[in-house]
Each structure stands twice: as structure tokens, then as C-alpha cells.
Amino acid sequence: MEVIETVGSYAGFRKTQRKDCLNLVRRLKLLVPLLEEIKDQVGNPLGVSGSGMDSLVSLKKALLGAKKLLKNCNHGSKIYLAMESEAVLSRFHGVHDKLNQALDGMPYDELGVSVEVKEQVELMRMQLKRAKRRTDTQDMELAMDMMVVFLKTDDRNADIAILERLANKLELHTIADLKAETAAIRKLVKHRGGHNETVQQILDLLGKFKLIVGIDETDSLDGPISTRTLRRCQSSLIPNEFLCPITLEIMTDPVIVATGQTYERESITKWLNSNHRTCPKTGQTLDHLSLAPNFALRNLILQWCEKNNFELPKKDTYPSSDTYSADLMEEISLLVKDLSSSHPNVRRDAVMKIRMLSKENPENRISIANTGGIPGLVQLLYYPDSKIQEHAVTALLNLSIDETNKRLIAREGAIKAIIEILQNGTDEARENSAAALFSLSMLNENKILVGNFNGIPPLVNLLQNGTIRGKKDAATALFNLSLNQANKSKAIKAGIIPPLLRLLDDKNLDMVDEALSILLLLVSHPEGRNEIGRLSFVETLVGIIRSGTPKNKECAVSVLLELGLNNSSLTLAALQFGVYEPLREVAINGTNRAQRKANSLLQHMSKCEHIP
């Protein structure tokens with residue numbers, strides 16, 4: 001009963017496992033009446049028979065196993081739990097099995113359990129069995145976002161949007177979140193006895209999250225203390241109100257944001273330039289992004305420094321934020337008007353400058369939208385000048401980083417025009433059109449619009465015939481769009497599978513992961529399985545399982561498993577192509593997910609071929 005009370009007090013379950021955690025806690029609470037009756041009826045535990053005591057001991061072990069799992073999902077690394085979501089789901093199934101086994105042999109009559117409580121326990125057991133049968137699919141959108149972040153090499157702002165989406169999904173978008181995650185990763189490294197490939201991936205992603213929040217330190221989790229850390233130790237002597245909430249260092253140029261909180265100008269500027277519109281300390285949405293100098297606090301800091309013989313660190317000075325904002329707003333307003341000029345050169349200069357401004361920071365993106373820039377840019381998508389079209393679509397790509405702007409751009413009818421440029425524009429315009437469709441299709445309603453406006457065939461064409469960057473942009477957009485079931489069929493009919501298969505053979509492009517990830521989505525569709533399930537493709541998968549990168553092998557095994565479960569002849573074909581030994585190797589030394597998929601495929605093969 002103490003175990004159930006403890007797990008019932010957990011309140012911070014990680015988002016990727018929250019549903020499973022809450023369901024398990026709710027089911028465990030259904031056992032409380034059973035335990036209370038046993039406690040009341042059995043005065044002397046020594047009088048309980050051997051079978052009764054065995055059942056209680058088994059139940060205690062099962063409950064402790066549940067507690068350990070729930071504690072990990074409450075305090076563990078969010079990034080790790082997301083990466084290992086399938087393994088964690090298997091642990092939930094294991095806990096369900098142990099609880100069921102413990103309750104299966106429970107001597108209810110001997111323990112004095114009432115019929116009503118016995119029926120309640122049986123109901124709980126039925127729920128556990130249904131939960132075991134439920135096979136939640138991996139969050140492919142989350143997995144693709146991680147892959148894009150790790151693999152993408154260009155520096156366009158669309159990548160910041162992917163990081164933002166990942167941070168929001170994992171609930172790692174505040175300073176407090178990142179501090180807690182850092183502590184959780186330290187424990188993970190200690191538990192695992194050092195770094196490995198998975199831990200390094202976690203550290204890489206954590207570092208990217210810190211950068212977009214404005215923390216540019218890269219403290220080692222097990223190395224020596226950095227100079228910056230030492231400065232923070234010294235800062236414990238400084239009054240808290242003098243420390244920036246972001247860096248925890250004494251402020252030299254304190255400024256006030258819309259919520260009334262004060263930050264060091266350099267730190268909060270980095271935060272805002274990373275596409276944030278919230279106050280880091282309170283999490284509130286900022287009504288505006290203006291920064292007001294906190295002269296009163298600065299004077300107090302200077303007085304304290306003089307009194308305590310403390311030297312402020314030297315930092316660059318900034319122009320007045322108010323003057324800068326007023327000048328910039330006036331410039332943006334004039335540029336938006338020039339988008340409708342009757343002089344082509346004026347239009348071209350205006351759209352080019354708006355393209356540059358929209359890339360710089362979130363405040364500019366909001367200001368351009370607020371002054372009516374989006375309708376003007378959408379109109380220029382139809383302008384008979386390829387260079388103006390290119391600048392306009394790129395500016396809309398940059399503006400689409402803002403969630404509100406995504407809806408505004410779609411509402412102005414931009415998607416249809418972007419698709420036309422994707423078909424007929426310059427190489428750069430086509431690439432940025434694909435990237436814009438990817439960014440806009442982060443909203444589910446826009447995924448449907450792109451599909452309905454026949455945007456998938458030109459993306460398939462770009463995947464097949466575009467530049468290297470164009471192929472990568474097309475692949476990313478097609479993956480995102482294929483998360484919608486109707487779009488899977490449209491992509492298959494548009495001929496997506498042959499170029500994907502060619503990408504598997506072209507090692508120079510380094511797009512095997514992208515191709516396999518899209519194929520894994522399509523193989524869940526009957527039309528996709530029919531077209532993908534050819535012997536030549538099975539042979540290609542076997543080759544990747546034999547000699548690909550760890551991530552390549554993981555994806556290839558996943559695709560082959562999905563094919564084999566629906567068509568045993570393809571499983572037998574894979575065996576004839578020599579998959580068995582490399583598959584056993586993956587089952588032992590592959591990534592965690594690859595090991596699970598490989599073991600499932602080996603079990604399936606043993607049923608097909610009776611392999612010992």
C-alpha cells in the first residue's frame with residue numbers, strides 16, 4: 001500500500017510515457033481495496049498458507065518493479081526516454097505480465113476477500129491484458145525530427161523550427177527544464193558507467209536545446225569544472241536580484257521584458273533571436289519584444305560592486321532598444337508598402353530586404369506579419385519574375401518559423417502558389433519551396449491542403465531530379481506529409497518508391513536513413529507493401545543489414561520486419577539472400593531499437609522456417 005501511495009504522488013511523468021504511466025497508476029490504485037481487506041482479515045500473517053504467501057510475495061515484487069519503472073519515467077532523462085520509447089513500452093508490458101501472474105494464483109477465499117473486491121481485481125486484470133495487446137506505434141514524427149537535427153547540414157532557419165518543435169514535444173524549452181534534464185543525464189552516464197553512442201546523441205541534442213535557449217556553455221558531464229562554473233560558484237556571494245536568471249551571472253546591462261522580469265541584455269537577446277516569444281523565468285507569452293533598460297537596478301549593482309570591490313566583466317554596449325525598434329518598424333512598414341510598387345526594381349529590392357530581415361530574428365518575423373507583409377509576399381509568388389518569386393518564397397519560408405504565421409500564410413492561399421513555384425521555379429526557389437512546404441505542413445490541416453492541392457507529385461519530382469539540397473528538402477517534406485494516411489496513397493501513386501530505392505543505392509548522397517524512414521511509413525500502407533515488396537528490394541535491405549551504419553541497420557530491419565509480418569515469402573527470400581547471420585549480429589550489437597526489431601524478426605523467421 002505504501003508503494004501504491006508513493007507512485008500515486010508522482011506528478012512529472014515524461015510526455016512520451018505519460019499516458020502509460022497514468023494508466024498504470026490508476027490500475028494500481030484499484031488494488032488498494034484488495035490490500036485493505038487482506039490487512040483487515042488476516043490478523044496473523046504466519047497463518048497464511050504457502051500459496052497465499054507466495055502470491056503476496058509475487059505481488060510485492062511486481063509492485064516494486066512497477067515503482068522502479070514509474071520512478072524512471074518521472075525523473076529520468078526526457079531525451080533518453082523518447083529515444084528508447086519502444087524499450088520502455090516493453091517494460092510496461094513486463095510489469096503488466098508480473099502483476100497478472102501474481103494475481104492469477106491469489107487464494108481470495110483464504111485471504112477473506114469479498115466477491116465485490118474480487119470482481120474489481122478481475123476487471124483490473126482484464127485492463128492489463130488489453131494494455132498488453134495494444135501496440136502503440138513509434139512517434140515517427142518525433143523520430144524524424146531527431147534524425148533531421150542530427151543529419152541536416154545546412155543552416156537555414158527551418159532547422160531552428162524543428163529544434164523548437166522537438167523541445168516543445170519533449171518539454172525542454174525552459175531554463176529549469178534543461179537544468180533538470182542535465183542532472184538526469186548525469187545520473188544516466190553514472191549508471192551506464194560512461195559514454196556510449198546513445199549517450200553522445202543525447203548530449204548532442206541537449207547542447208542544441210541549450211543553444212536555442214541562449215545557453216552557450218558545453219559543460220562536460222564528468223569532466224573538470226569549467227571557468228564559467230567557477231564564476232557561478234563565486235556568484236553565490238552576489239545578491240540574487242543582481243544575477244541574470246538565464247546565465248546566473250551578475251548583470252552589466254539589465255533590461256526589462258514585457259512581463260516585468262529583468263535579464264542581462266545579451267542573454268535575453270539570444271533567447272529572443274532563437275524564435276522564443278515567452279519569458280524564460282515565468283513561461284508567459286510576451287505581449288511585445290521590446291527591452292527597456294533597468295537603470296535603477298544597474299545603479300544598485302554598481303553601488304554594490306564599489307562597496308565590495310567587485311569588478312564587473314567587460315561587455316559590448318548596445319544601442320537603445322526603443323530607438324532601434326522604432327527605426328526598424330518604420331523600415332519594415334515602408335518595405336511592405338514597396339511590395340506593391342508599380343516599379344519592378346522597387347519590388348525586387350523590397351522583397352530581397354524583407355527576405356533578409358525575416359531571417360534575422362523572431363521580432364522581425366512578427367513585425368513583418370503585423371504590418372501586412374504576408375499578403376504582399378503571397379501576391380509576389382505569382383509575379384512574372386523568377387528572382388522575385390525566389391525571394392518571396394524564401395521570405396515566406398522564414399516567416400513560417402512562427403506558428404501563428406504558418407496559419408496566416410496558408411489562409412492567404414500561399415500553398416497553391418508555392419506548389420507552382422516548386423514545379424516551375426529556379427533551383428533555389430524549388431528547394432526553398434520544398435522547405436516551406438515542410439515547415440507549413442507541421443500543422444496537420446496544412447498537410448491535408450498540400451495533398452489536396454496536388455503538391456506531392458512535384459516533391460517526388462524534386463526528390464528524383466533535384467540538386468542534392470533539393471533532394472534532402474523534398475525527402476523531409478515528403479516524410480512529414482506522409483504522416484497523413486491519405487497522403488501516403490498520393491505519394492505512392494506519384495511514383496515516390498522508385499526514387500527512394502535509388503537513394504538506397506547512391507551512397508554519395510548519404511540519404512539512406514531518410515529513404516528508409518519514408519519507406520517505413522509507406523510499408524504500413526497496403527499499396528506501399530505491394531510495390532515495395534520486390535525481391536530486389538529485399539536483397540538491398542539484406543545488404544544494408546549486413547554492412548550499413550547502425551542507424552541504417554535499424555531502419556532496414558524495421559522495414560523488413562513490417563514486410564515479413566505481412567508476407568512470409570519475403571521473409572524466406574531474405575533468408576535465401578543470407579540475412580540470418582547479420583541479423584543475429586544486429587540482435588546482439590545493434591542499437592537498442594535495432595536489437596528489439598531483429599529479435600522479433602528472428603522469432604518470425606523461426607516460425608516460417610523452423611530455425612533452431
Side-chain angles (χ1 to χ4, degrees), residues 141 145 148-149 155-169 172-174 208-209 211-214 257-259 268-280 283-291 325 328-329 331-333 335-336 339 351 353-378 380-381 391-415 417-418 432-447 449-450 473 476-477 480:
E141 190 173 39
D145 281 346
V148 170
V149 168
D155 58 354
R156 285 178 305 190
N157 282 323
D159 290 349
I160 299 174
I162 298 169
L163 281 169
E164 286 281 358
R165 183 165 73 168
L166 260 180
N168 286 326
K169 275 197 167 196
L172 289 172
H173 44 75
T174 68
K208 292 176 191 292
F209 289 155
L211 284 175
I212 64 171
V213 169
V257 298
T259 57
I268 193 64
T269 300
K270 282 184 180 179
W271 170 269
L272 296 175
N273 287 349
S274 298
N275 199 33
H276 291 90
R277 295 175 66 182
T278 56
C279 173
Q284 294 174 267
T285 300
L286 298 171
D287 294 333
H288 58 82
L289 303 183
S290 298
L291 305 176
S325 297
L328 181 63
M329 284 297 293
E331 180 187 359
I332 288 174
S333 182
L335 288 171
V336 169
L339 292 177
V351 71
K353 288 176 182 176
I354 286 178
R355 170 183 176 174
M356 294 299 105
L357 287 170
S358 66
K359 184 177 181 179
E360 287 179 2
N361 57 57
E363 187 172 13
N364 288 359
R365 292 189 274 275
I366 296 164
S367 297
I368 292 167
N370 289 344
T371 52
I374 289 175
L377 289 167
V378 172
L380 291 183
L381 295 176
H391 291 318
V393 77
T394 308
L396 288 169
L397 163 63
N398 295 333
L399 292 176
S400 72
I401 294 169
D402 183 274
E403 287 296 308
T404 303
N405 287 348
K406 283 180 171 66
R407 289 187 169 86
L408 292 175
I409 292 168
R411 198 177 301 153
E412 289 295 328
I415 289 178
I418 291 171
N432 290 343
S433 294
L437 291 178
F438 166 67
S439 180
L440 292 170
S441 66
M442 288 181 183
L443 300 181
N444 288 328
E445 61 262 35
N446 288 346
K447 287 183 177 73
L449 284 176
V450 174
D473 287 325
T476 308
N480 215 31

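All values reported here derive from a predicted model rather than from experimental measurement.
- Here Leu437 contributes atom CG and Ile418 contributes atom CD1; the two are 5.5 Å apart, rounded to the nearest 0.5 Å.
- How far CE of Met329 is from CG of Asn364: 10.0 Å, rounded to the nearest 0.5 Å.
- When every heavy atom of Asp473 is checked against every heavy atom of Ala434, the shortest pair comes out as CB-CB, 3.9 Å.
- Contact record, Leu443 with Arg407: CD1-CG, 3.6 Å, taken as the closest heavy-atom pair.
- Atoms CG and OG, on Leu399 and Ser439 in that order, are 10.0 Å from each other to the nearest 0.5 Å.
- Pairing each heavy atom of Leu380 with each of Ala392, the nearest pair is CB-CB, 4.0 Å.
- No donor-acceptor pair under 3.5 Å is formed between the side chain of Trp271 and the backbone N or O of Cys279.
- Taking both residues in full, the closest heavy atoms of Ala414 and Leu381 are given as O-CD1, 4.1 Å, listed atom of the first, atom of the second, then distance.
- Side-chain contact between Ile366 and Arg277: present, with at least one pair of heavy atoms (C-beta onward) separated by less than 4.5 Å.
- Taken from CD1 in Ile401 to OG in Ser358, the straight-line distance is 8.0 Å, to the nearest 0.5 Å.
- With sequence neighbours excluded, the residues that form a side chain to side chain donor-acceptor pair (under 3.5 Å) with Gln284 are Thr282.
- Across Leu357 and Glu331, no two heavy atoms sit closer than the pair CD1-OE2, 4.3 Å.
- Heavy atoms only, all atoms of each residue included: Arg355 and Thr394 are closest at NE-CG2, 3.3 Å.
- Separating the CD1 atom in Ile409 from the OG1 atom in Thr404 is a distance of 10.5 Å, to the nearest 0.5 Å.
- Under the side chain to side chain contact (heavy atoms under 4.5 Å, CB included) test applied with Leu289, the options Asp287, Leu286, Leu291 reduce to a single match, Leu286.
- The CG atom of Asn446 sits 10.0 Å away from atom OG of Ser400, with the distance rounded to the nearest 0.5 Å.
- Side-chain contact between Leu440 and Val450 is absent, with no heavy atoms from C-beta onward closer than 4.5 Å.
- For the pair Leu377 and Glu412, the minimum side-chain heavy-atom distance is 4.5 Å or more.
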